[in-house]
Amino acid sequence: MTDARTPKRLFIETYGCQMNVYDSERMRDVLQPLGYAVTEKPDDADLVILNTCHIREKATEKVYSEIGRLRAHKERRAAEGKGMTITIAGCVAQAEGEEIMRRAPAVDLVVGPQAYHKLPELIARAARKTGERLAADFTAQEKFDALPVRAPDGVTAFLSIQEGCDKFCTFCVVPYTRGAEFSRPLADVLAEARSLADKGVREITLLGQNVNAYHGGASFTELLNELAAIPGIERIRYMTSHPIEMTDELIALHGSEPKLMPYLHLPVQSGSDRILKAMNRKHDGAFYRDIISRLRAIRPDIALSTDIIVGFPGETEKEFEATMQLVRDVTFASAFSFKYASRPGTPAAAMVGQVSEKAKTERLHQLQALLFAQQSAFNAAQVGRTLPVLVTGDGRKPGQKHGRSPYLQSVHFTDTTAQNGDIVDVRITASTQNSISGERAVLALA
Ligand code: SAM
Ligand code: SF4
């Protein structure tokens, strides 16, 4: 076994969404005081965490095959007198719980998303092979209370304010795996934001499955106003939003609060009203278009992003065309698009008219060709403009810096003097599908 004085090595493999990226960072933070330092190699880790995602097809199978690979490392280490604790976290852990422990005896611990703050204790218990091995039923409140304030890595940070979902879209597992909607109390969110600002963070992205459904003692708009008043916080973003939670106040704030960045990720999922109804999205195409036109009326330059699913059960060519038309009409700066994947246990999995893999693939290619063209066009439209760029680090080439535009674009620009956290004017001279580049704008002397 590892000597208590030797630094212990932690390997975390993260699958899936931004929430999981955030959760992995929190797990790393919570384990740091126990002497765990992150390693890039699973084979020399004392503790391995697979932070799993249940969204994608075959996600569970992938986890089991990864466990198989880890078991070989574990056995080799055991022969050398060293231990390896294998932990499964995230949504697959939540959904499969006992089944994982039964099917994969190499796994020491299964921990659901609400119990990460108990990790140190659970890991100690697992190492001693005593006590409960499952800990998936703690309340979200406890989790938020017990986690230490996270050390930011740079000038941008995620801040989780809301978890779970009560919307029950028929294709989605989140309401089952992440549980009921829970908002973190306002005072806690503000305290963490102040602490992040003190540590040099300039841009925060509020995270939640339905972030704009926030109700932690204040409305989401009230929370944004409070955050905007914190000195040092210069930029605020949020994701993921649900269209039915886009209140008049929230839309209006996009026109009046300069710290709220002109960027919005607002999943639409489909352009067909019949499909939206079958998805139980609670909005139709006209409702979505109306939000967009009101946002553009008060913030004409706002960059829009979305999530779209093609091949939902029963989707006809005509209904897919309605999605294409919505995309042409709205025009997005970026987007995530998916082939519908049947998730056992969700209502859509049992629907008649499952679309063939071939048709889904063709529709996805067609949709992505349009979305990528729109993304390239949005980036190209910045050429010739001067944008305020938040400096996040050194660029790829010597004499270059890297940063983030208000529209969440990655920006490379020529400069040597700007410091991380500065917001500097950059004249954009070139663009690609995924980024823009330019040079630091020099102020003309009068
Ligand atoms: N709460 C957010 C929302 O309402 O859009 C995001 C939730 S989900 C983690 C992120 C995206 O994954 C969804 O917006 C949806 O487009 C996609 N997704 C979820 N379940 C899916 C499924 N069964 N098949 C394909 N895509 C799916
Ligand atoms: Fe899933 Fe729908 Fe909830 Fe988003 S709103 S997490 S897609 S159920």
Side-chain angles (χ1 to χ4, degrees), residues 14-23 51-60 90-92 94-95 113 140 158 160-183 205-214 220 237-246 264-272 275-283 287-288 291 304-315 320 323 326-327 332 334-351 354-355 357 359-361 363-364 367-368 371:
T14 308
Y15 303 87
C17 65
Q18 293 291 12
M19 286 296 286
N20 273 14
V21 173
Y22 177 84
D23 279 340
N51 191 7
T52 61
C53 172
H54 210 241
I55 296 287
R56 297 293 157 77
E57 219 176 354
K58 303 205 180 77
T60 314
C91 295
V92 172
Q94 180 83 20
F158 291 122
S160 182
I161 65 165
Q162 185 268 350
E163 274 226 18
C165 180
D166 295 336
K167 302 279 189 297
F168 289 94
C169 298
T170 54
F171 53 79
C172 185
V173 288
V174 168
Y176 309 95
T177 55
R178 294 264 168 176
E181 246 172 53
F182 172 84
S183 295
T205 302
L206 304 176
L207 279 186
Q209 292 293 353
N210 272 285
V211 74
N212 55 345
Y214 178 82
F220 185 58
R237 305 177 188 276
Y238 57 92
M239 69 184 296
T240 294
S241 305
H242 195 291
I244 64 166
E245 308 283 358
M246 288 302 297
L264 179 66
H265 181 70
L266 192 65
V268 66
Q269 312 297 359
S270 170
S272 152
I275 294 293
L276 286 169
K277 197 155 194 292
M279 287 176 163
N280 191 29
R281 283 294 290 180
K282 303 178 176 75
H283 64 82
F287 185 90
Y288 188 89
I291 295 171
L304 296 163
S305 167
T306 198
D307 289 350
I308 296 175
I309 298 176
V310 299
F312 184 82
E315 185 188 72
F320 168 66
T323 298
L326 182 134
V327 173
F332 293 99
S334 67
F336 298 99
S337 44
F338 311 93
K339 285 193 265 188
Y340 167 73
S342 174
R343 308 303 298 127
T346 58
M351 285 181 187
Q354 300 286 326
V355 175
E357 196 53 33
K360 283 196 256 188
T361 304
R363 288 176 196 177
L364 189 67
L367 174 65
Q368 289 186 338
L371 290 168

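In each ligand, atom 1 is the first atom listed, and ligand 1 is the first ligand listed.
The OH atom of Tyr340 lies 9.0 Å from the CE atom of Met279; values are rounded to the nearest 0.5 Å.
Residue contacts with ligand 1: Lys360 is excluded, as none of its non-hydrogen atoms falls under 4.0 Å. Residue contact check for ligand 1: Lys339 places a non-hydrogen atom closer than 4.0 Å to it.
For Ala278, the side chain to side chain contact (heavy atoms under 4.5 Å, CB included) partners at least two apart in sequence or on another chain are Phe312.
Among the atoms of Pro267, none of the N or O lies under 3.5 angstrom from an N or O of ligand 1. For a threshold of 3.5 Å applied to N or O pairs, the pair formed by Asp307 and ligand 1 contains at least one separation below that value. Residue-to-ligand polar distances keep Thr240 apart from ligand 1: every N/O pair is separated by 3.5 Å or more. Considering backbone and side-chain atoms alike, Ala341 places an N or O below 3.5 Å from some N or O of ligand 1.
In terms of heavy-atom proximity, Cys165 sits nearest to Asn210 at SG-ND2, 3.0 Å. Phe320 and Val310 get closest at one heavy-atom pair: CE1-CG1, 3.8 Å. The shortest heavy-atom contact between Tyr288 and Pro243 is CD1-CG, 4.0 Å. Heavy-atom minimum distance, Asn51 versus Asn20: ND2-O, 3.1 Å.
Within the 4.5 Å cutoff, side-chain heavy atoms of Lys167 are placed close to those of Glu181. Between His265 and Ser241, every side-chain heavy-atom pair lies at or beyond the 4.5 Å cut-off.
Inside a sphere of radius 2.8 Å centred on atom 3 (Fe) of ligand 2, the protein N/O/S atoms present are Cys165 SG.
Applying side chain to side chain contact (heavy atoms under 4.5 Å, CB included) to Phe336 and the options Ile309, Asp307, Thr306 leaves one that passes, Asp307.
Counting heavy atoms closer than 4.0 Å to ligand 1, residue Arg343 contributes side-chain atoms (C-beta onward) but none from N, CA, C or O. Residue contacts with ligand 1 for Phe338 involve side-chain atoms from C-beta outward but no N, CA, C or O (heavy atoms, distance under 4.0 Å). At a heavy-atom distance under 4.0 Å, no atom of His265 approaches ligand 1.
The pair Glu315-Lys360 does not meet the salt-bridge criterion, since no charged nitrogen lies less than 4.0 angstrom from a carboxylate oxygen.
Each of the following atoms of ligand 2 lies closer than 4.0 Å to a heavy atom of Phe171: 7 (S).
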